[in-house]
Structure formats: C-alpha cells, structure tokens
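Shown next, in structure tokens, is the structure this report addresses.
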Amino acid sequence: MDQQPGQDVVDLLLDQHHQIETLLEQIRTGQGRKDELFTDLVRLLAIHEAAEEEVVHPIAKRAENGDGEGMVEARLEEESEAKHALAELYKLGVESPEFDVKFAEFAAAVADHAEREEAEEFTLLRKQLTTTQLERMATSVRAAEAVAPTRPHPSAGESAVANLLAGPPLAVFDRVRDAVRDMRRKSGHDS
C-alpha cells in the first residue's frame, strides 16, 4: 500500500478495492500459488476494513447531518458477514474441497460490498468534504492500517472503538505469526 503525496482517501480506498478485486480474480482462476494469494488477500482485507471502521465510517456516518448513519450501518453489517466468512475460509484452508464454492460466494459478496461503498459512501465523502480533509483522511487511514490486525477477528467487533481497543494487541499477535510463517516458508518448512 504505497503512499502517494496528495492522494485522497477515496483514491486510496479505490486503489485497495482494485488490489482486492485482482487477488479475488487470481485466486478464482488459479493464477499463482493459491495459498500465498489467499494469505495476501486475508491481510489486505483485514487491514483495509479495520481502517475503514476506524476512520472512514465514523466520518461518513456524520455526513449529511447524520443521514449517512443508515448507509454506514449497512456497510458495517456486510463487513461483519465478510469477516465471519473470511475467518471460516481461513480455517478451512485453500486445500479443502469446500474452499472454492465458499470462496466464490465470498468473492461475490465482497464485490457487491465494494460497489455499494464506492457508489454511496465514497460519493458522499467527495460531496461533503474538502480536498484537504480527504487527504488528511488518507493519512489517518494509512496510520490505522499500520497498526491493524492482519487477519479477520470477527469477535473483536466492527466499530472504531472495538478496533482501537482490540486492534493493536491483535495486530501484534498477527504480525508475529506472519513473521514466523514467512520465516518457515523461506526455510522450506511451509505451514
């Protein structure tokens, strides 16, 4: 997730949506090692959603004099369902006979969620906020991503408060686990 000077939050999130879409397609079509692609997808989705819950949704919820609340609640519900589905896929593993069918359902739900987010929430942010505010939000999203968990933790909750309380300890645990996995992979002991 590269930092581009002057990039606003909507452009940043759209770039991430494109990365997510690419990974979903690569996993669906078998373009590369499925286990590595899925690990990359899990990490990107976990970080992306945590940052949205901490930074983007609270601001969108207050937009239009609070009229954004229903829209944000619908997105949070979708994100909660996605976290549970992603956690289930993670537990199943890419070698499970059930993985591909469940993954296809998950991928379709993620694509629908991204479309609604882009059409509703991102449009609202661009309409309601200045360029400077959108750029500052991008900086805040990057900061939130730097300390976000790298795996779905559905039991942690889907709110800014839940992410601020549970996120950093879970992130440390996840990042240590990632480092051990990477070390084992490099030494030829795939896990």
Side-chain angles (χ1 to χ4, degrees), residues 1 9-25 27-28 38 40-92 98-129 134 137-138 140-141 143-145 147-171 174:
M1 292 178 235
V9 70
V10 174
D11 289 336
L12 172 65
L13 297 174
L14 286 171
D15 285 349
Q16 291 177 0
H17 281 189
H18 179 70
Q19 291 171 30
I20 291 164
E21 181 182 304
T22 299
L23 285 167
L24 290 168
E25 185 62 21
I27 293 166
R28 265 197 306 258
F38 185 66
D40 291 346
L41 177 67
V42 168
R43 183 180 189 286
L44 178 56
L45 282 171
I47 289 169
H48 174 82
E49 293 304 336
E52 282 185 340
E53 291 166 7
E54 279 181 47
V55 178
V56 179
H57 295 330
I59 291 172
K61 194 181 271 192
R62 292 189 304 267
E64 299 249 347
N65 301 320
D67 291 340
E69 190 165 342
M71 171 191 56
V72 169
E73 291 305 317
R75 297 303 73 81
L76 287 170
E77 171 113 3
E78 293 163 1
E79 290 167 9
S80 176
E81 291 170 9
K83 280 182 186 180
H84 285 87
L86 190 58
E88 181 182 345
L89 285 166
Y90 188 80
K91 285 178 189 171
L92 272 177
E98 301 171 53
F99 182 87
D100 289 337
V101 171
K102 290 185 181 287
F103 183 80
E105 294 169 4
F106 170 76
V110 168
D112 290 344
H113 168 76
E115 274 183 39
R116 282 190 287 278
E117 209 169 52
E118 291 169 13
E120 298 171 11
E121 196 166 7
F122 294 0
T123 300
L124 178 66
L125 291 172
R126 286 223 196 254
K127 180 178 155 191
Q128 295 289 311
L129 302 175
L134 292 169
M137 279 181 71
S140 296
V141 163
E145 289 174 344
V147 296
T150 61
R151 286 186 181 60
H153 295 280
S155 60
E158 285 83 27
S159 70
V161 173
N163 281 318
L164 289 171
L165 293 175
L170 291 171
D174 287 350

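Values in this document were obtained by computation on a predicted structure and should not be read as measured data.
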Residues at least two apart in sequence or cross-chain that pass salt bridge (charged side-chain N to carboxylate O under 4.0 Å, His left out) with Glu77, listed by chain then number, are none

Aromatic ring pairing Phe103/Phe99, orientation class (parallel under 30°, perpendicular over 60°, tilted between):
parallel

Please name all residues satisfying side chain to side chain donor-acceptor pair (under 3.5 Å) with Glu88, sequence neighbours left out, ordered by chain then number.
Lys102

In Å and rounded to the nearest 0.5 Å, what is the CD1 to CG distance from Ile27 to Leu41?
4.5 Å

Quick one: CG on Asp40 to CD1 on Ile20, what's the gap to the nearest 0.5 Å?
12.0 Å

Can you list the residues that meet the side chain to side chain donor-acceptor pair (under 3.5 Å) rule with Asp112, with sequence neighbours excluded?
none

Looking at every heavy atom in both Leu134 and Leu125, which two are closest together, and how far apart are they?
CD2-O, 3.9 Å

Looking only at heavy atoms, the pair that brings Ala82 and Phe106 closest together is O-CE1, 3.6 Å

I need the Ile59 CD1 to Met137 CE distance, nearest 0.5 Å.
4.0 Å

Looking at every non-hydrogen atom in both residues, tell me the closest pair between Glu53 and Leu76 and how far apart they are.
CG-CD2, 3.8 Å

Value rounded to 0.5 Å, distance of CD in Glu145 from CG in Leu12:
6.0 Å

Residues in ring pair (Phe, Tyr, Trp, His ring centres under 6.0 Å) contact with Phe122, at least two apart in sequence or another chain:
His17

According to side-chain contact (heavy atoms from CB on, under 4.5 Å), who are the partners of Glu120, at least two apart in sequence or on a separate chain?
Met71, Arg75, Arg116

Indicate the atoms forming the closest heavy-atom contact of Ala46 with Pro149, along with that distance.
CB-O, 3.6 Å

Of the non-hydrogen atoms in Ala60 and Val72, which two are nearest, and what is the gap between them?
CB-CG2, 3.8 Å

Residue pair Glu79, Glu52: steps toward the side chain to side chain contact (heavy atoms under 4.5 Å, CB included) verdict:
CA-CA 10 Å; Glu79 290 167 9; Glu52 282 185 340; 3.2 Å; yes

I need the minimum non-hydrogen distance between Ile47 and Ala148, along with the two atoms involved.
CA-CB, 4.0 Å

What's the verdict on side chain to side chain contact (heavy atoms under 4.5 Å, CB included) for His113 and Glu49, showing C-alpha distance, side-chain angles and the deciding distance?
CA-CA 11 Å; His113 168 76; Glu49 293 304 336; 3.9 Å; yes

To the closest 0.5 Å, what do you measure between NE2 (His48) and CG (Leu13)?
5.5 Å

Got a sec, which residues hit salt bridge (charged side-chain N to carboxylate O under 4.0 Å, His left out) with Arg126, two or more places apart in sequence or on another chain?
Asp8, Asp11

Return the set of residues passing side-chain contact (heavy atoms from CB on, under 4.5 Å) with Thr22 (not counting sequence neighbours), or none when no residue passes.
His18, Gln26

Suppose we screen for salt bridge (charged side-chain N to carboxylate O under 4.0 Å, His left out). Which residues come up paired with Glu98, at least two apart in sequence or across chains?
none

Residue set satisfying salt bridge (charged side-chain N to carboxylate O under 4.0 Å, His left out) with Glu73, at least two apart, ordered chain then number -> Lys61

Straight-line distance of Glu118 CD to Thr123 OG1, nearest 0.5 Å:
9.0 Å

